[in-house]
Amino acid sequence: MNRYLDVDCSKLTIADVGRTVRIAGWVHKKRDMGGIIFIDLRDHYGMTQAVFAPGTEAAEIVESARSEWVLSVRGEVVARDEANRNPNLSTGDIELKALEVEVLGKSDVLPMQVATDEDISETVRLKYRFLDLRRTNPHRNIILRSQIISSLRRRMTELGFHEFQTPILTSSSPEGARDYLVPSRVHPGKFYALPQAPQQFKQLLMVSGFPRYFQIAPCFRDEDARADRSPGEFYQLDMEMAFVEQEDVFEVIENVLHGVYTEFSDRKVTEPPFPRLTYAESMSRYGSDKPDLRIPLEIVDVTEQVSGTEFKVFRGAIDSGGVVRAIAVDGIASRSRKFFDGLTSFIQGEGGKGVAYVLFPEGEEPKGSAAKFLSESELEFLASMTSPGGGVLFLSGPEKEAVRFAGRLREEVGSQLDMIEQGTFKFCWIADYPMYEADEETGAIEFSHNPFSMPQGGLEALENKDPLDILAYQYDIVCNGVELSSGAIRNHRPEIMYKAFEIAGYSREEVDERFRGMIQAFKFGAPPHGGLAPGVDRIVMQLADEPNIREVIAFPMTAKAEDLLMNAPAPVTDVQLDELCININVPEDEQS
RNA sequence: GGGGCGGUAGCUCAAUUGGUUUAGAGUACCGGCCUGUCACGCCGGUGGUUGCGGGUUCGAGUCCCGUCCGCCUCGCCA
């Protein structure tokens with residue numbers, strides 16, 4: 001085939017016996033028996049055992065070879081004796097009797113072993129990522145990512161979408177995360193920004209008359225990392241459609257996600273149409289706008305039912321305008337005191353006060369921290385929420401807090417009691433987000449999500465309704481408690497745009513200044529349009545069943561946004577800085 | 001920026017309450033032996049600023065303070 005190899009390391013079988021072929025790859029393991037030498041040669045495709053007979057020139061060369069050397073071996077394919085076959089290897093029925101070997105690349109002593117399953121510290125893995133990626137799991141994850149992205153592209157194209165590229169060097173946009181900035185040499189003192197998302201570009205493409213846009217889009221946001229959030233950069237399946245309403249977007253994305261999740265996993269995937277929840281409904285039933293529907297627990301508002309209670313904890317909450325939220329859990333009555341104390345500690349760790357509870361053990365009196373303070377009728381009602389042997393957990397306080405803590409408690413109890421349904425991907429839409437929210441400290445009205453979303457009710461709603469009551473055509477798609485994407489039907493009407501921004505405190509001039517390109521475009525005939533942008537890394541993470549996003553990124557950065565392999569970020573030369581008219585002014589206590 | 005956990009041979013880990021440990025083991029590496037292994041085996045050897053700096057103590061891998069790095073998390077993520 002060429003001078004290095006004829007076939008890859010996975011292909012040779014009993015049918016090839018007698019052929020003389022070349023294979024090339026890495027020394028996975030070498031077993032030197034003193035005379036005969038065995039080498040497992042590994043490449044991307046598989047592994048083949050090469051045998052070196054004592055006294056041959058090839059054996060002499062290979063004697064000094066070590067793990068991860070790169071060899072090309074020419075040899076004769078021979079069948080192994082019955083007793084010497086290796087059933088763990090696809091090529092285990094044969095071996096390559098070496099006639100000739102060429103060393104293509106030597107290896108220093110390895111900083112980490114490749115041919116091992118043992119855990120290796122992430123620092124070492126990231127510093128020597130090229131070695132790490134040779135290992136089975138990391139290698140497989142990156143290939144899976146490639147296949148998923150191919151599949152996404154194919155599915156989008158088949159649905160009539162066209163793929164576009166949009167600028168990487170663009171301008172800083174207000175709102176949102178901190179930008180990554182790139183200094184301009186031609187315009188000293190001015191900066192490009194890397195796009196946080198191609199949001200405005202894709203909307204401009206709609207105005208340009210392209211009805212179905214998509215892109216596997218790199219997005220750059222200078223925000224801190226999480227297990228499911230890589231710092232700096234990530235990828236979205238960015239898509240946008242013209243002349244559509246919310247349901248049209250839902251239908252397309254359900255098709256694509258159901259397809260890709262079914263293609264790449266054996267789990268049960270929610271059949272389209274995915275459940276639709278309003279934001280308000282999701283918050284009240286699950287205490288979260290990204291509910292994990294695999295947990296069969298729901299939050300119930302029992303404020304009214306216990307409004308006459310003497311129980312001090314509830315009394316205090318209700319009298320100061322708060323609420324009492326309850327989660328009924330079957331079979332929980334037999335749990336130890338320690339279990340419930342643990343739940344209280346958990347909620348305290350989240351910033352709450354604690355968890356009250358009442359239990360209904362079968363054939364016994366109700367017990368639990370709240371039991372003796374509740375009236376007969378109150379207990380009767382609560383008992384009806386669960387079955388004998390069950391119990392009810394309570395969180396009380398100001399509504400916003402009670403809702404949030406109840407949501408966290410729901411997840412914690414679900415997880416501790418192994419109630420999370422395994423082997424499924426449960427999707428849902430969260431729609432009807434509020435257009436605005438009040439800043440917690442200042443009370444100022446600000447956009448709660450994307451400022452480019454169309455307010456429900458249009459201009460009329462903006463002019464006549466309390467801003468905090470206005471909903472937007474704004475939606476999220478959630479899978480197993482992970483937010484995959486936000487999206488919206490966009491506001492394509494300049495007059496509605498100006499009004500929407502005015503409510504959030506931006507003048508017409510500011511809007512013109514900050515979104516010049518887009519607002520101008522909308523004045524020259526813009527179609528109604530909308531879309532969303534599921535996070536590719538998170539999709540791959542779920543399909544690879546990895547708990548950490550770095551496992552599906554070939555060259556990830558650390559939580560502190562450093563690339564340990566490429567040594568980024570790094571200082572640059574004074575010449576480079578001079579050319580950009582930049583003076584570095586790092587405070588002394590931050591120098592390292 | 002706050003909180004939590006961690007950092008001991010190249011790698012993965014151990015080391016009782018602060019003390020007979022010359023800081024050990026496996027693996028890797030080096031040397032010797034071995035012609036059918038597939039985690040080859042056997043014998044021997046090299047390899048340590050216990051992240052770094054300071055402190056307490058007769059004595060610190062172990063306790064205290066600071067600092068750096070890694071992970072998780074809160075803030076942050078239109």
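Scope of the values below: all heavy atoms of this structure, side chains included, with no hydrogens, waters or symmetry mates. The chains referred to below are lettered A, B, ... by the order of the sequence lines, with proteins before strands, and numbering in each begins at 1.
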Kindly indicate whether the side chain of [X] and the base of [N] share any N or O donor-acceptor pair separated by less than 3.5 Å?
{"X": "A:Arg221", "N": "B:C77", "answer": "no"}
{"X": "A:Glu95", "N": "B:G36", "answer": "yes"}
{"X": "A:Asp224", "N": "B:G75", "answer": "yes"}

Can you tell which of [options] lies closest to the side chain of [X]?
{"X": "A:Gln49", "options": "B:C34, B:C38, B:G75", "result": "B:C38"}
{"X": "A:Met33", "options": "B:C71, B:U35, B:C38", "result": "B:U35"}
{"X": "A:Arg229", "options": "B:C77, B:C71, B:U73", "result": "B:C77"}
{"X": "A:Glu118", "options": "B:C38, B:C71, B:C11", "result": "B:C11"}
{"X": "A:Ala559", "options": "B:C72, B:G75, B:C38", "result": "B:C72"}
{"X": "A:Phe38", "options": "B:U35, B:C29, B:U37", "result": "B:U37"}
{"X": "A:Gln113", "options": "B:C38, B:C71, B:G10", "result": "B:G10"}
{"X": "A:Ile120", "options": "B:C11, B:G1, B:U27", "result": "B:C11"}
{"X": "A:Glu223", "options": "B:C71, B:C77, B:C38", "result": "B:C77"}

Verify the contact: side-chain N or O of [X] to OP1 or OP2 of [N], cut-off strictly under 4.0 Å; return yes or no.
{"X": "A:Ser121", "N": "B:G70", "answer": "no"}
{"X": "A:Arg550", "N": "B:C72", "answer": "yes"}
{"X": "A:Arg66", "N": "B:C30", "answer": "yes"}
{"X": "A:Lys29", "N": "B:C40", "answer": "yes"}
{"X": "A:Asn86", "N": "B:G36", "answer": "no"}

Between [atom2] of [N] and [atom1] of [X], the distance in whole Å:
{"X": "A:Lys30", "N": "B:C34", "atom1": "NZ", "atom2": "C1'", "value": "14 Å"}
{"X": "A:Leu131", "N": "B:C11", "atom1": "CG", "atom2": "C1'", "value": "12 Å"}
{"X": "A:Asp108", "N": "B:G47", "atom1": "CG", "atom2": "P", "value": "20 Å"}
{"X": "A:Glu412", "N": "B:U73", "atom1": "CD", "atom2": "P", "value": "14 Å"}
{"X": "A:Arg178", "N": "B:G1", "atom1": "CZ", "atom2": "C1'", "value": "10 Å"}
{"X": "A:Lys560", "N": "B:G1", "atom1": "NZ", "atom2": "P", "value": "7 Å"}
{"X": "A:Arg31", "N": "B:C40", "atom1": "CZ", "atom2": "P", "value": "5 Å"}
{"X": "A:Glu446", "N": "B:C76", "atom1": "CD", "atom2": "P", "value": "10 Å"}

[N] versus [M] - spacing of their [atom1] atoms, nearest Å:
{"N": "B:C13", "M": "B:G18", "atom1": "C1'", "answer": "22 Å"}
{"N": "B:G61", "M": "B:G24", "atom1": "C1'", "answer": "13 Å"}
{"N": "B:C58", "M": "B:G2", "atom1": "P", "answer": "35 Å"}
{"N": "B:G6", "M": "B:U62", "atom1": "P", "answer": "14 Å"}
{"N": "B:A9", "M": "B:U50", "atom1": "P", "answer": "9 Å"}
{"N": "B:C76", "M": "B:C69", "atom1": "P", "answer": "24 Å"}
{"N": "B:C65", "M": "B:U56", "atom1": "P", "answer": "15 Å"}
{"N": "B:C30", "M": "B:G36", "atom1": "C1'", "answer": "26 Å"}

For [N], which nucleotide in any strand shown is its Watson-Crick or wobble partner with both distances under 3.5 Å?
{"N": "B:U62", "result": "none"}
{"N": "B:A15", "result": "none"}
{"N": "B:G70", "result": "B:C5"}
{"N": "B:G45", "result": "B:C29"}

Flag the pair [X] and [Y] as a salt bridge only when some basic side-chain nitrogen lies within less than 4.0 angstrom of an acidic carboxylate oxygen.
{"X": "A:Lys290", "Y": "A:Glu483", "result": "no"}
{"X": "A:Arg22", "Y": "A:Glu100", "result": "no"}
{"X": "A:Glu223", "Y": "A:Arg178", "result": "yes"}

Study note, to complete from the structure: Sorted by number, residues from residues 472-492 of chain A placing a heavy atom under 4.0 Å from RNA chain B are none
Measuring centre to centre across the rings, with the benzene-like ring taken for any Trp, is [X] within less than 6.0 Å of [Y]?
{"X": "A:Tyr279", "Y": "A:Tyr475", "value": "no"}
{"X": "A:Phe234", "Y": "A:Phe220", "value": "no"}
{"X": "A:Phe201", "Y": "A:Phe164", "value": "no"}

Review point. Base, sugar-phosphate, or nothing: which does A:Glu350 touch, judged by heavy atoms less than 4.0 Å apart?
Key: nothing
Check your understanding: Using a cut-off of 4.0 Å on non-hydrogen atoms, how would the nucleic acid contact of A:Pro54 be classed: base, sugar-phosphate, or nothing?
Key -> base
Check your understanding: Does atom NZ of A:Lys127 have more than 12 heavy-atom neighbours from other groups under 6.0 Å away?
Key -> no
Exercise for review: Could you check A:Val77, A:Leu71, A:Thr91, A:Leu96 and say which one makes a side chain to side chain contact (heavy atoms under 4.5 Å, CB included) with A:Ile23?
Suggested key: A:Leu96
Revision key, fill the gap. Between A:Asp222 and A:Met557, whichever has its closest RNA chain B nucleotide further toward 5' is A:Met557
Revision key, fill the gap. Walking RNA chain B from its 5' end, the first of A:Asn88 and A:Arg226 to be reached, judged by nearest nucleotide, is A:Asn88
**Study point:** A:Glu95 and A:Thr48: side chain donor to acceptor below 3.5 Å
**Key:** no
Exercise for review: For side chain to side chain donor-acceptor pair (under 3.5 Å), just list the numbers for A:His139 and A:His44, CA-CA rounded to whole Å, side-chain angles, deciding distance to a tenth of an Å, and then say yes or no.
Suggested key: CA-CA 8 Å; A:His139 201 85; A:His44 169 75; 2.7 Å; yes
Check your understanding: Is there a donor-acceptor contact under 3.5 Å from the side chain of A:Glu510 to the main chain of A:Ser507?
Key -> yes
